[in-house]
Amino acid sequence: MVAPLALVLAFSLPPHVRIAPEQQRVPMRVAADGTIAATVTDASGMPRILTWNHERRPRLISPSAHLDPGELSASLELGGFDGTGIIYATLVKSMELEAGGNQTLPGVYPSGAFVPLDLKRCSAIAPSDFLPHVERVAGDVVYLTYESPDSTEVLDGDQTSDFAPYAVRLDGSSCVLLGRASIRDVSGDYVVGFRGYLGTFIAPTDFDTDSQRYVAVRIHQGSLTELGPGVAMAVAADGTAVGADAPPGFHQTTSTTVNGRTSTTSCCTPHAMLWRVDGTLIALAPNARSSVAYAVDDDGTVGGMLIDAAGKHRAFVWRNGTLRLLDDAVHAPGWRFEAVFAFGLHHEILGVGTHNGTAMVFEVSRVFRRLK
């Protein structure tokens, strides 16, 4: 059901389905025909895919209810749309230990049924025990991260970068290695993401994550550039990258008491950042407790999430050096906007929030952006 509210369209979520305002991957994508899709979590906490067509009617896509021997659960994570509107996704199977740990299976949904991608052409690039994950689709080109294998028994003491993730482009009959990194977004000729380091070597995805030093990266025409601390979550066609100076969704506060004295440390608290191609680095929300930029439009507008002094998630937009909370920019009765995740075909702002206390996905027109 769609309800127009001032400048806002509200898209309903099925019962017990949610989209968290803090994410390690951007959960929302827009197809060329205006269809919106998002990775959501159901009542059991498992990822699923929810779509809204041009009439904004929701449809939940789930893996098959059937589990094979050794499978504990199955989840589905959105990658994106190809040029014809077909959804690309990653099927993630949680396996019993004797069955070899988690398995990932990139595939497509051409007509409501999951069809695995043929990744044989990538077998010479990434070892078979790595875990392929669809990150982004541009036209008919698929971008994948081959994440580190689940088993970490062989990793202790390794300093070779051999188990670091692979960033890969799957284009027709070719599979091209872009570098040792995790991809997060693609636009035009630019690919962005991050690396983790342990000392001087590029670290595996799932090994000693508390001690890793995370570095945002941008890949252009075969050249990988490290941008500085953090994770690049999105990129515009001109190469402008946005994200945060630490991985979003990781941050946590730990309290330790020694001899009656308690000390508190905060690990990996992210702060929204922008990296221009000329090397300029901009902190987008320097006064927020934490923040992440999830989207950047080709006109330079940035969208994301910050946590305010009261500990509440607040959606923000940033443009030409000015940051505005979406609540203040739109003034929509009953709404609290929590995070911006994407921009639509006509520069609409898309994200999650609540309307009269009910979780909703929103689409905000850009009329207010003509106001200073």
Side-chain angles (χ1 to χ4, degrees), residues 25-39 49 51-54 61 76-91 104-123 125-126 132-146 165-179 181-193 217-224 232-243 277 294-301 341-348 350:
R25 283 182 167 90
V26 178
M28 194 172 291
R29 301 296 183 194
V30 183
D33 66 356
T35 298
I36 298 169
T39 301
I49 295 175
T51 66
W52 295 266
N53 62 14
H54 65 281
I61 302 175
L76 200 60
E77 300 177 10
L78 176 68
F81 296 93
D82 69 6
T84 65
I86 292 177
I87 289 177
Y88 282 65
T90 303
L91 179 63
T104 62
L105 192 63
V108 298
Y109 276 87
S111 57
F114 184 80
V115 178
L117 289 179
D118 181 3
L119 299 179
K120 293 178 182 177
R121 71 203 87 170
C122 294
S123 60
I125 292 178
H133 196 116
V134 178
E135 302 287 4
R136 205 67 168 88
V137 186
D140 59 356
V141 181
V142 183
Y143 292 83
L144 306 103
T145 298
Y146 274 75
Y166 290 77
V168 168
R169 183 181 70 236
L170 187 62
D171 184 0
S173 61
S174 67
C175 188
V176 179
L177 175 63
L178 302 176
S182 297
I183 295 174
R184 284 298 177 264
D185 194 26
V186 177
S187 183
D189 295 329
Y190 292 92
V191 179
V192 297
V217 302
R218 178 168 49 214
I219 303 168
H220 183 241
Q221 295 182 346
S223 177
L224 185 149
M233 300 290 289
V235 64
D238 67 355
T240 299
V242 300
V277 292
Y294 289 113
V296 56
D297 210 352
D298 285 341
D299 65 359
T301 304
F341 287 134
F343 293 108
L345 302 180
H346 304 290
H347 309 290
E348 302 91 347
L350 301 166

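Nothing here was measured: the structure is a model prediction, and the numbers come from that model.
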- Apply side chain to side chain contact (heavy atoms under 4.5 Å, CB included) to Tyr146 and Cys122, showing your working. CA-CA 10 Å; Tyr146 274 75; Cys122 294; 3.4 Å; yes
- Message: Using side chain to side chain contact (heavy atoms under 4.5 Å, CB included), reason through Ile61 and Phe114 one step at a time and then give a plain yes or no.
- Response: CA-CA 10 Å; Ile61 302 175; Phe114 184 80; over 6 Å; no
- Residues Glu135, Thr145; criterion side chain to side chain donor-acceptor pair (under 3.5 Å); working and verdict: CA-CA 7 Å; Glu135 302 287 4; Thr145 298; 3.0 Å; yes
- Item | Ile36/Leu350 under side chain to side chain contact (heavy atoms under 4.5 Å, CB included): CA gap, chis, key distance, verdict | CA-CA 9 Å; Ile36 298 169; Leu350 301 166; 3.8 Å; yes
- Check the pair His54, Asp33 against side chain to side chain donor-acceptor pair (under 3.5 Å), reporting the backbone distance first and the verdict last. CA-CA 8 Å; His54 65 281; Asp33 66 356; over 6 Å; no
- Message: Go through it in stages, so that I can follow the logic: the residues are Val235 and Val242, the test is side chain to side chain contact (heavy atoms under 4.5 Å, CB included), and I'd like the CA-CA distance, side-chain angles, deciding distance and then a yes or no.
- Response: CA-CA 6 Å; Val235 64; Val242 300; over 6 Å; no
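Two residues are said to be in side-chain contact when any heavy atoms from C-beta on lie closer than 4.5 Å; Tyr190 and Asp238 fail this criterion. Residues Leu178 and Val168 form no side-chain contact, since every pair of their non-hydrogen atoms from C-beta on lies 4.5 Å or further apart. In this structure, Val137 and Asp82 have side chains that are in contact, with non-hydrogen atoms separated by less than 4.5 Å. Between Val191 and Tyr143 there is a side-chain heavy-atom pair separated by less than 4.5 Å. With contacts defined as side-chain heavy-atom distances shorter than 4.5 Å, the pair Ile219/Val192 does not qualify. In this structure, the side chains of Asp297 and His347 come closer than 4.5 Å at one or more pairs of heavy atoms.
Distance check: Ile87 CD1 to Arg29 CZ gives 12.5 Å after rounding to the nearest 0.5 Å. Separating the OG1 atom in Thr104 from the NE2 atom in His133 is a distance of 8.0 Å, to the nearest 0.5 Å. Taking NE2 of His220 as the start and CG of Asp189 as the end, the distance is 4.5 Å to the nearest 0.5 Å. To the nearest 0.5 Å, atom CG of residue Leu91 and atom CG of residue Leu76 are 6.0 Å apart. In this structure, the separation between CG on Leu177 and CD1 on Ile125 is 5.5 Å, given to the nearest 0.5 Å. In this structure, Ser182 OG and Leu144 CG are separated by 12.0 Å, a value rounded to the nearest 0.5 Å.
Between Phe341 and Tyr294, the ring planes are perpendicular. Angles over 60° get that label, and only those under 30° would be called parallel.
For the side chain to side chain contact (heavy atoms under 4.5 Å, CB included) with Leu170, the lone residue among Val141, Val176, Leu119 that qualifies is Leu119.
A salt bridge does not link Arg218 with Asp185: none of the charged nitrogens is closer than 4.0 Å to a carboxylate oxygen.
Residues Ala295 and Ala234 come closest through the heavy atom pair CA-CB, 3.9 Å. Val296 and Ala236 get closest at one heavy-atom pair: CG1-N, 3.5 Å. For the pair Leu78 and Pro27, the tightest heavy-atom approach, listed with the atom from each and the gap, is CD2-O, 3.7 Å. Contact between Ala37 and Ile49 at its shortest, heavy atoms only, is CB-CG2, 4.5 Å. The minimum heavy-atom distance linking Asp298 with Ala237 is given by the pair OD1-N, 3.0 Å. In this structure, Ala113 and Pro110 approach most closely via the heavy-atom pair O-CD, 3.5 Å.
Aromatic ring centres of Tyr88 and Phe81: separated by at least 6.0 Å.
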